[in-house]
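Comments concern the structure below.
Each residue takes its place number in the sequence, starting with 1.
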Amino acid sequence: MTTPRARRALRAASAALALLAGLAAAAPSAATAEELRIATGTASKNSLNGAVFRFAELIEEKTGGAYTGKVFPGTLVSFAEMINAVRDGVVDVGYIVTAYARAEFPYTNLLTDMSMATADPLVAGAALNEFAFSCAPCMKEFAAQNQIFMGFTPAGPYYLMSRQKIASLADFPGKSIRGLGPFGRWVEAMGGKSVVIPSGDIYEALSQGSLDGNTQGLDTLKNLSYGEIVDYVLDIPIGLFLASSMFDVNRDVWNDLTDDQKRAFLTAAGESHAVSTVGYFQENDYFRHHPAEVDVEIVRPDAELLAASKAFQAADLDTVAAQAKEKYGIADADERVTRMKALVEKWTEILKDVDRADVKTVGEIYVREIFSKVDPAGL
C-alpha cells in the first residue's frame, strides 16, 4: 500500500509515476507507520527541545501508531533555515521562529512582538494561541509557506547575560548585545547596540568579543555553555520570547492526514506546549536562584536602570502597534494590541489558581479551551 510519504513523492515527481505505482502495487498490504522528520534548530537539552521529543511520542500515541517521529535536535537545519525546510519538505515538522522572517510574517510577528504584555508564561501562551488561531491573516502567512501552524510556546523570561558587569544605564553605551525584536528594542532603549545573529553563532561571537552580551533564557548558561564565557546576569526579567512555533507541519504531510489524525496532532501540540512552557520557566527560575552552578553572578540593577526598564516595558506595546502600521501597513494594529491586552486579562483570571508546575492540568486547559476548538480545515 502506498504510504503518505510515497504519495507526496509521486506528486512531486510525476515522471516517475508509473514506476512508483508499480512498486506500490507489489508492496505488502499491511499498514506501516509513517516516520516523520521532526527538527529543531538547537541541540540544547532544555524543556523546549524536551517538548519536541514529547510531541513525537504523543503523535504516535494519539494516532494509534500510524505516525511516529524521529527528532533531529540541531543536526539537520538551523532555525534560520527552518521555515524553508518545512516549506520544501526537507523536514516534516519543524520548530519555527517567526522572528527570523519578519517580511513573511508581519501579522504573526505583530502578535509575537507583544513580549511585554505579561510576565506570566502560562497566561501568555493561552492568550497568544487563542489570538493566533483566530487571526486569519496570520494563518494565511503560514499557509503561504506551505505549513500548518500548531501553536506558540512562550519562553522565558529573558535576561541579559554579559561578559562585563552591567548594573546601570552608564554601562550600556558601546556594548553590542544580541536581541531579537522587542529584546533588541530594550537593548537600544537602555543605550546599547542591538545585534541580530543566529543562535548557533552566539557562543563564538561572545568568545571572540564581537558580542558583549546576549538576551536569552538562563537555561542557555548550562545547556549551551554560555556560562563558560559570560560572568554576569542582570536581574531584570526583560520579557517573554513569544515567537517559537514549535511543531509546524508541512502542508503536504497535513493533507495526507485523516480528520481524526489532524485532531490528534492538534491535541498533541496543545499538551506539548504545556510541557515546554511550564518546564522552561522552572529551568530558568532555578538558575536565577542557583547562579553558582553556571559560574555567573546575579547583578542587581541600580534604581535608574530599573526605572528605565519598567518604563520601556509599559510603553512597548504602543511601539509594537506603531511599527506594525508604519513598516507593514497593518492599519488595525492598535485594535490588535487592545485585543491582546483583553486576552491577557481573561487568561490571568482563568489561570489564577492553577499550579504553575502542574503540566498535566495546564495541558488539559490548553487543549480544552483552545486547541480542541481549532477547525483543522481552516488552517
> Can we say Lys62 and Glu271 salt-bridge, meaning some charged N sits less than 4.0 Å from an Asp/Glu carboxylate O?
Replying inline: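 Yes, this pair counts.
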>> Could you check, using the six-membered ring where one of them is a Trp, whether Phe149 and Trp254 have ring centers closer than 6.0 angstrom?
In response: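 No, ring centres 6.0 Å or more apart.
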>> Filter on disulfide bond (SG atoms under 2.5 Å apart), then keep only pairs touching residues 192-293, sequence neighbours left out; what's left?
In response: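 Output for this query is empty, none listed.
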>> Checking the side chain of His273 only, and the main-chain atoms of Met246 only, is there a donor and an acceptor separated by less than 3.5 Å?
In response: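 No; zero donor-acceptor contacts below 3.5 Å.
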>> Looking at Asn49, is its backbone amide N or carbonyl O close enough to the side chain of Asn46 to form a donor-acceptor pair, meaning the two atoms are under 3.5 Å apart?
In response: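 Here the side-chain-to-backbone pair exists.
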Are [X] and [Y] close enough that some pair of their side-chain heavy atoms sits under 4.5 Å apart?
| X | Y | value |
| --- | --- | --- |
| Ser199 | Arg178 | yes |
| Met139 | Leu379 | yes |
| Pro73 | Thr40 | yes |

> Can you tell which of Phe133, Phe247, Phe152, Phe265 makes a ring-ring contact (aromatic ring centres under 6.0 Å, His included) with Phe371?
Replying inline: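 Going through Phe133, Phe247, Phe152, Phe265 one by one, the ring-ring contact (aromatic ring centres under 6.0 Å, His included) with Phe371 is satisfied by Phe133 alone.
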> What is the ring orientation for Phe79 with Tyr100, classed by angle as parallel under 30°, tilted 30 to 60°, or perpendicular over 60°?
Replying inline: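 Taking Tyr100 first and then Phe79, their aromatic rings lie parallel (interplane angle under 30°).
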>> Under 4.5 Å side-chain heavy-atom separation, chaining through any Ile, Leu, Val, Met, Phe, Trp or Tyr, what else clusters with Leu206? Say none if it is isolated.
In response: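 Via sub-4.5 Å side-chain contacts, Leu206 links to Tyr159, Met161, Val195, Ile197, Ile202, Tyr203, Leu211, Leu218, Leu221, Leu224, Tyr226, Ile229, Val230, Val233, Tyr286, Phe287, Val294, Val296, Ile298.
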>> Pairing donors with acceptors under 3.5 angstrom, does anything connect the side chains of Asn109 and Thr98?
In response: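 Looking only at side-chain atoms, Thr98 and Asn109 do form a donor-acceptor pair, the distance falling under 3.5 Å.
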> Which residue pairs pass the ring pair (Phe, Tyr, Trp, His ring centres under 6.0 Å) test with at least one member in residues 337-366, sequence neighbours excluded?
Replying inline: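 Passing the test, one end in residues 337-366: no pairs.
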>> Same cluster or not: Phe53 versus Leu58, using hydrophobic residues (I, L, V, M, F, W, Y) connected whenever any side-chain heavy atoms lie under 4.5 Å apart?
In response: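 Looking at the clustering, Leu58 is in a separate group from Phe53.
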>> Test of understanding: with side chain to side chain contact (heavy atoms under 4.5 Å, CB included), list the residues that count as partners of Val187, not counting sequence neighbours.
In response: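 For Val187 the side chain to side chain contact (heavy atoms under 4.5 Å, CB included) partners, ignoring immediate neighbours, are Ile177, Ser194, Thr215.
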> Do Arg185 and Phe312 meet the cation-pi criteria used here (NZ or CZ under 6.0 Å from the six-membered ring centre, within 45° of the axis)?
Replying inline: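 No; the conditions do not both hold, so Arg185 does not lie above the ring face of Phe312.
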> How close do Leu242 and Pro154 get, heavy atom to heavy atom, and via which atoms?
Replying inline: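 Shortest heavy-atom contact: CD2-CB, 3.7 Å.
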>> Holding to salt bridge (charged side-chain N to carboxylate O under 4.0 Å, His left out), I want the full list of residues that pass it with Lys325, two or more places apart in sequence or in another chain.
In response: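 Expected list: Asp334.
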>> Tell me every residue that passes salt bridge (charged side-chain N to carboxylate O under 4.0 Å, His left out) with Glu297, counting only those two or more places apart in sequence or in another chain.
In response: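 Checked Glu297 against salt bridge (charged side-chain N to carboxylate O under 4.0 Å, His left out); matches are Lys165.
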